[in-house]
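Side-chain atoms are counted along with the backbone in the values below, which use heavy atoms only and exclude waters and symmetry mates. Both ligands and their constituent atoms are indexed starting at 1 by order of listing.
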Amino acid sequence: MDIKTIIRDIPDFPQAGILFRDITPLLAHPQGLTTIIKGFASGFADAQIDYVVGMESRGFIVGAPMAQHLGCGFIPVRKPNKLPAAVHQVEYALEYGTDKLEMHQDAFPSGSRVLILDDVIATGGTAAAAAKLVSMAGGSLVGFGFIVELDFLAGRKVLPDVPIVSLVNY
Ligand SMILES: O=P(O)(O)OC[C@H]1O[C@H](OP(=O)(O)OP(=O)(O)O)[C@H](O)[C@@H]1O
Ligand SMILES: Nc1ncnc2[nH]cnc12
């Protein structure tokens, strides 16, 4: 299955000048999620992952099924004021705007091996913020996985030096 042919391009969303790579047709395909999870699983075979972290909201769509596939825990990284217990917080820049992300301070035991997953890496700000949150909680970052990587924005340059698996590059 060639997932690139199923991802749809939407010009000028959410604002003028952004070419939005829309994964919803891929998610709607009967083999879409299976193909995505197989891609991540083969990229991180033998990585001994204890927890998968996914960022609100599209990171949840790939993070939760990957955690189920691995038989490990899923940790949500959320936008501000959504998580009920004590949080770590990081502010970050987006391709379109700025935002903050939070994760529970007690999300996983210190030393846990953590994989960060999201649908898209653009500038890398979101993934770098998630990596900071994992580090603040004492996690050991195993790698990053993305369905889509926008190469021209060079987001991987702002990430820590761990393996990065992208299923599709533009
Ligand atoms: O590499 P970056 O420049 O940080 O951009 C990538 C992020 O942007 C999108 O999330 P968005 O904040 O739009 O939220 P959503 O998942 O709720 O749509 C996407 O799902 C990534 O999380
Ligand atoms: N160009 C883009 N397409 C889809 N999701 C994104 N998140 C940030 N930039 C994006």
A.B. asks: Under 4.0 Å, heavy atoms only, figure out whether ligand 1 is touched by the backbone of Thr123, its side chain, both or neither.
C.D. replies: both

A.B. asks: Which pair of heavy atoms, one from Tyr51 and one from Pro109, lies closest together, and at what distance?
C.D. replies: OH-CD, 3.4 Å

A.B. asks: Please name the pair of heavy atoms, one in Glu102 and one in Gln89, separated by the smallest distance, quoted to 0.1 Å.
C.D. replies: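 Smallest interatomic distance, heavy atoms only, reads OE2-NE2, 2.9 Å.
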
A.B. asks: Would you kindly specify which portion of Leu150 sits under 4.0 Å from ligand 2, judged on non-hydrogen atoms: side chain, backbone, both or neither?
C.D. replies: side chain

A.B. asks: Please report the closest heavy-atom contact between Ala137 and Gln105, naming both atoms and the distance.
C.D. replies: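 For Ala137 versus Gln105, the nearest heavy atoms are CB-O, 4.1 Å.
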
A.B. asks: Output the list of atoms in ligand 1 that are nearer than 4.0 Å to some heavy atom of Asp118, sorted by atom number.
C.D. replies: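 Within the 4.0 Å cut-off of Asp118, ligand 1 contributes 20 (O), 21 (C), 22 (O).
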
A.B. asks: With a cut-off of 3.5 Å and sequence neighbours excluded, list every side-chain donor-acceptor pair involving residues 154-165.
C.D. replies:
from: Arg156; atom 1: NE; to: Glu149; atom 2: OE2; distance (Å): 2.8
from: Arg156; atom 1: NH2; to: Glu149; atom 2: OE1; distance (Å): 3.0

A.B. asks: Examine Arg21 against ligand 2 and note whether any of their N/O atoms are separated by less than 3.5 Å.
C.D. replies: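 The answer is yes, given that Arg21 and ligand 2 share an N or O pair closer than 3.5 Å.
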
A.B. asks: Report, in ascending order of atom number, the atoms of ligand 1 lying under 4.0 Å from any heavy atom of Lys79.
C.D. replies: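 So the answer, numbered in order with elements, is 11 (P), 12 (O), 14 (O), 15 (P), 17 (O).
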
A.B. asks: One pair to check against side-chain contact (heavy atoms from CB on, under 4.5 Å): Phe108 and Val134. What are the steps and the verdict?
C.D. replies: CA-CA 9 Å; Phe108 46 74; Val134 167; 4.1 Å; yes

A.B. asks: Could you establish whether Met55 and ligand 1 come within less than 4.0 Å of each other, counting only heavy atoms on the residue side?
C.D. replies: no

A.B. asks: If we only consider heavy atoms of Gly124, is any one of them less than 4.0 Å away from an atom in ligand 1?
C.D. replies: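 Within the 4.0 Å threshold, so yes.
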
A.B. asks: Using a 4.0 Å cut-off to any heavy atom of Asp119, which atoms of ligand 1 qualify?
C.D. replies: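 Close to Asp119: 19 (C), 20 (O), 21 (C).
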
A.B. asks: Side chains of residues 59-79: which donor-acceptor pairs under 3.5 Å do they make with residues two or more places apart or in other chains?
C.D. replies:
from: Arg78; atom 1: NE; to: Glu56; atom 2: OE1; distance (Å): 3.0
from: Arg78; atom 1: NH2; to: Glu56; atom 2: OE2; distance (Å): 3.1

A.B. asks: Relative to ligand 1, is Thr126 under 4.0 angstrom through side chain, backbone, both or neither, heavy atoms considered?
C.D. replies: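 For Thr126, backbone and side-chain atoms both sit under 4.0 Å from ligand 1.
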
A.B. asks: For Lys4, does the NZ atom sit with more than 12 other heavy atoms under 6.0 Å from it, leaving out its own atoms?
C.D. replies: yes

A.B. asks: At a 4.0 Å threshold, what atoms of ligand 2 neighbour a non-hydrogen atom of Ala122?
C.D. replies: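 Near Ala122, the atoms of ligand 2 are 8 (C), 9 (N).
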
A.B. asks: Numbering the atoms of ligand 1 from 1, which are under 4.0 Å from a heavy atom of Glu56?
C.D. replies: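 Every atom of ligand 1 under 4.0 Å from some heavy atom of Glu56: 16 (O), 17 (O).
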
A.B. asks: Give yes if a backbone or side-chain nitrogen or oxygen of Phe20 is under 3.5 Å from a nitrogen or oxygen of ligand 2, and no if not.
C.D. replies: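 No; every N/O pair is 3.5 Å or more apart.
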
A.B. asks: Counting heavy atoms only, name the option from Ser57, Gly155, Ala122, Gly59 that's nearest to atom 17 (O) of ligand 1.
C.D. replies: Ser57

A.B. asks: Using a strict 4.0 Å cut-off to heavy atoms of Val120, name the atoms of ligand 1 that fall inside it.
C.D. replies: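 Checking each atom against Val120, I get 6 (C), 21 (C).
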
A.B. asks: Taking all non-hydrogen atoms of both residues into account, name the closest pair between Met55 and Ala127 and its distance.
C.D. replies: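 It is CE-CA, 3.8 Å.
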
A.B. asks: Using the rule that Ile, Leu, Val, Met, Phe, Trp and Tyr join whenever any side-chain heavy atoms are under 4.5 Å apart, tell me whether Val87 and Val53 fall into a single cluster.
C.D. replies: no

